[in-house]
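Scroll down for the structure; my scribbles are underneath it.
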Amino acid sequence: MLVSEPASPKRENTISNPESSPKHSESGTSDESSGTLRHRLLGPSIQKSGQDGVNQAAVSEIIYQASQGSKYFEHQKRKEKELTKKVESIVKQAAKVSNQELEAAEVRVDALIRQYEATRDLTQTIVHVDCDAFYASVEELDHPELKSKPFAVGKGVLCTCNYVARKFGVRSAMAEFVAKKICPELIVLRLNFPKYIEKSNAIRMILSEYDPRHCAMTLDEAYLNITEYCANMNKDREEVVSEMRRRIFETTGLTVSAGIGPNSRVAKIASNVNKPNGQCAIANDREAVMEFMCNLPVRKITGIGYVLERQLLALDVNSCGEIYRKSALLYQIFTDTTMTFLLNCYLGLGSTEVKPIDQYERKSVGCERSFRAISDMAQMKQKLQHVAEDLEKDCKRLNLAGRKLGLKLKKATFEQISRQRPMPRPINTASDFYRYGLQMLEKELPITVRLIGLRITDLVNLSHEGPMKTFLKGQRRHNDRLEDEPSTSMNIHAEFKELFDGSPDMHDDEEIGELVMIIQGSQEEDASGVIDDYRSSAKATAARDIKNEYELQHNTATPLMPVPESESLPLSTDSGDSATALVSCPICGNQVSADDQALNHHVDWCLSRGAIREAVKETFN
DNA sequence: TACATACAC
DNA sequence: CATGGTGTATGTA
């Protein structure tokens, strides 16, 4: 094992440049620093593709002028000021670190590096595929005349835009009115999820041929492990990926970009390198990986956002390779988890395991809505009620209840407040959400808000086990994650049967009725009404499923931040064979994994296809 | 545990 | 005039 010799030969182990190296030096101490404020206002996607010939300075000026004076602007200004202060304090802290401390830190960092290096696995070939301007590209298929015009998709805030619009400086996450100042002729289309889902499904179908266990992160992004496919077909990985991309284009008319590497972190970053309609492969070779990472601006790393980038820049860390150069100093400043994360990035290490999205357990479900700022209690109650109802629908659809309820408020000033309380029992009804949410809201009065949200955590999965077990589980305050009940697919099947033909057999009906009573635990509720909710038309369910589909992608799990391989979590250590056990889906009849979560997810997904077309059209515009 | 923040998409 | 919604992870008191 060579392990002992880190890659970069040089490393700053002395206080050679304690101060004043930041490139974009903050002007005074804590005054305007409008340079960084402009940077902040530019938003997160500056460094994305398609921004080549853009006059960033001019765009920045327009954004600044358009935003100036708004509540949002003032809030950003405050946050920027706070961050600048924090960054200054970090720089000061860095200057105080002694040589002795640095030397000690160096020893420890080297030990960490050896430890992480020992986890390096170069045997897998991971691919990250990323559709190019997905929503916009799908819209172009239906409206070819838009191809030559600048247009975006979204409402209020843009979700994405085509490459023509990007040339103007329009970006995703940009406020619509700001985008129109930058590009007055910009056309803005509303979102049409059914279309995107359909295309996404078509793409996933192809991905499955290369890796049946691929992980679809969102509608337009996925990870694959093509190691086995390459071996079986005896084909080169780049050839395989370019063939896959060609097939996707031929069947859907959409272009995708891909990154290929020994782990998901490298693959993800690589997929952005040749962004529109291209691919980039990093060899499964330590030197190749290290070299690729070395000159990478830290902001390109998933998990390093505006704030961490600012902090790193202030310590003269611009590229990934500089993480090593400054590692002893960084060790003194950042937490262990952040340090672990940074070192893993420097080493180009990442997850080599790809597993389907349905292997992950949801941790929360929530609903929030923005509106014109209000302070009138009657109006706030109305908004709360609405959010509570939406959350209930999601809970019913997902068959979940929560032991904790959180209230989120955004004041007119954009300052956010969150309150959280344990519930006396798992709750999943609008009336409970409203009741307890209101109690929390009342404690904040008087207040002027522009957003109200509710979220439940400490979830109880109602479809996973029998109602009585759920009840008992709810009572056991401790010992959450019980042994996974080997529940058959029977109960799930029964529930869907009920959902569809509305004729559940008596036994299940009683169980559900009982469950509802228990969960509500309240007298004032009419149980039959709630049962009706369970039977709620497939239509309503499907409508929610569109959102579900969208959410499920997000909710995924691949730990975005740190989580080094070394601490690889034994997440859902399934009893192995679940991969081989199959049952037929009650909806489509296809063979699917008998694993409860997997089956559940599949059925959900299946539902979202068939019923969507009819149901959705009327729900969405 | 509760709350605030950062981050992704 | 004017800046979203859903979910996860982490730091800190």
Side-chain angles (χ1 to χ4, degrees), chain A residues 40-41 43-45 48 63 66-76 79 82-83 86 130-131 134-135 154-160 171-181 191 196 216-222 268 299 301-311 334-341 360-373 387 390-391 394 398 403-410 412 414-422 440 450-459 547-563 569:
Chain A
R40 172 184 283 267
L41 288 168
S45 53
K48 294 264 173 167
I63 295 175
S67 307
Q68 204 169 20
S70 68
K71 295 270 170 57
Y72 175 81
F73 179 90
E74 294 303 321
H75 182 247
Q76 293 302 319
K79 282 181 71 172
E82 229 168 278
L83 177 58
K86 172 98 192 273
D130 198 335
C131 300
F134 184 57
Y135 298 166
K155 184 166 184 260
V157 172
L158 307 181
C159 286
T160 191
R171 283 178 290 273
S172 66
M174 187 177 269
E176 188 176 339
F177 81 93
V178 171
K180 285 199 164 140
K181 290 226 159 106
L191 290 156
Y196 312 148
M217 307 294 295
T218 63
L219 290 181
D220 72 331
E221 219 177 288
K268 164 88 170 148
R299 189 64 165 83
I301 296 166
T302 310
I304 297 184
Y306 180 76
V307 171
L308 187 49
E309 180 196 31
R310 278 284 305 274
Q311 299 180 357
F334 292 110
T335 63
D336 288 356
T337 37
T338 302
M339 202 55 209
T340 295
F341 167 66
Y360 296 92
E361 202 172 341
R362 175 188 281 270
K363 297 194 168 133
S364 74
V365 45
C367 180
E368 64 189 57
R369 214 152 303 281
S370 291
F371 37 79
R372 198 187 66 253
V387 168
D390 280 355
L391 183 55
D394 282 348
L398 297 165
R403 293 201 186 90
K404 267 186 199 155
L405 179 66
L407 172 73
K408 173 171 159 182
L409 303 172
K410 194 185 281 181
F414 282 85
E415 181 195 347
Q416 291 195 33
I417 293 176
S418 66
R419 301 287 179 248
Q420 198 186 357
R421 293 184 29 180
M440 291 187 270
R450 67 182 328 281
L451 173 148
I452 292 180
L454 290 170
R455 175 167 300 273
I456 51 169
T457 51
D458 285 23
L459 302 181
K547 196 173 147 210
N548 179 28
E549 186 64 29
Y550 177 74
E551 289 168 17
L552 280 173
Q553 314 325 332
H554 286 243
N555 123 32
T556 137
T558 310
L560 299 168
M561 285 296 280
V563 188
L569 32 165

Answer with base, sugar-phosphate or nothing: what part of the nucleic acid does [X] contact at a heavy-atom distance below 4.0 Å?
X	value
A/Glu221	sugar-phosphate
A/Lys86	nothing
A/Lys404	sugar-phosphate
A/Ser172	nothing
A/Arg450	sugar-phosphate
A/Arg455	base
A/Gly305	sugar-phosphate
A/Ile301	sugar-phosphate

Worksheet item: Where the side chain of A/Glu176 meets the backbone of A/Gly156, is there a donor-acceptor pair that is under 3.5 Å apart?
Response: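 Pair found, side chain donor or acceptor close to backbone of A/Gly156.
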How many whole angstroms separate atom [atom1] of [X] from atom [atom2] of [N]?
X	N	atom1	atom2	value
A/Leu405	B/dA2	CG	P	12 Å
A/Phe341	C/dT8	CZ	P	19 Å
A/Asp220	B/dA8	CG	P	15 Å
A/Leu41	C/dA2	CG	P	15 Å
A/Ile63	C/dA2	CD1	C1'	14 Å
A/Gln311	C/dG11	CD	P	12 Å
A/Lys408	B/dT5	NZ	P	12 Å
A/Phe371	C/dC1	CZ	C1'	18 Å

Item to complete: Give a yes-or-no answer on whether the side chains of A/Ser70 and A/Ser67 include a donor-acceptor pair shorter than 3.5 Å.
Response: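 Per modelled atom types, A/Ser70 and A/Ser67 side chains form no pair under 3.5 Å.
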If the cut-off is 4.0 Å, is [X] near the phosphate of [N], judged by side-chain N/O to OP1 or OP2?
X	N	answer
A/Ser67	C/dA2	no
A/Ser418	B/dA4	yes
A/Ser364	C/dG7	no
A/Arg362	C/dG7	yes
A/Thr337	C/dG11	yes
A/Lys180	C/dA2	no

Using the side-chain heavy atoms of [X], tell me which of these nucleotides is nearest: [options].
X	options	result
A/Arg299	B/dA4, B/dA8, C/dT3	B/dA8
A/Val307	C/dG4, B/dC7, C/dG5	B/dC7
A/Phe177	C/dT6, B/dC7, C/dA2	C/dA2
A/Val178	C/dG11, C/dT3, B/dA4	C/dT3
A/Lys410	C/dG4, C/dA2, B/dA4	C/dG4
A/Ser370	C/dA2, B/dC9, C/dG5	C/dG5
A/Lys79	B/dA6, C/dT6, C/dG4	B/dA6

Fill in: Spacing of A/Lys71 atom NZ and A/His75 atom NE2 [to the nearest 0.5 Å]
12.5 Å
Worksheet entry | Point-to-point distance, once rounded to the nearest 0.5 Å, from CG of A/Asp220 to OH of A/Tyr196 |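 So the gap between those two atoms works out to 11.5 Å.
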Discussion item. If you assign each of A/Gln416 and A/Tyr306 to its closest nucleotide in DNA chain B, which residue comes earlier from the 5' end?
Written reply: A/Gln416
Worksheet item: Any idea which heavy atoms bring A/Leu454 and A/Leu407 closest together, and the distance?
Response: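 That closest heavy-atom pairing would be CD2-CD1, 3.9 Å.
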Worksheet entry | Under the salt bridge (Lys or Arg N to Asp or Glu O under 4.0 Å) test, residues paired with A/Arg40 that sit two or more places apart |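 For A/Arg40 the salt bridge (Lys or Arg N to Asp or Glu O under 4.0 Å) partners, ignoring immediate neighbours, are A/Glu80.
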Discussion item. Between B/dA8 and C/dT3, how many Å separate the two P atoms, rounded to a whole number?
Written reply: 23 Å
Fill in: Earlier contact from the 5' end, DNA chain C, for A/Glu368 and A/Phe414
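Nearest-nucleotide comparison on DNA chain C picks A/Phe414.
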Worksheet entry | No-H, no-angle donor-acceptor pair, A/Ser70 side chain to C/dT3 base, under 3.5 Å | no
Worksheet item: Between A/Val307 and A/Lys86, is any pair of side-chain heavy atoms under 4.5 Å apart?
Response: no
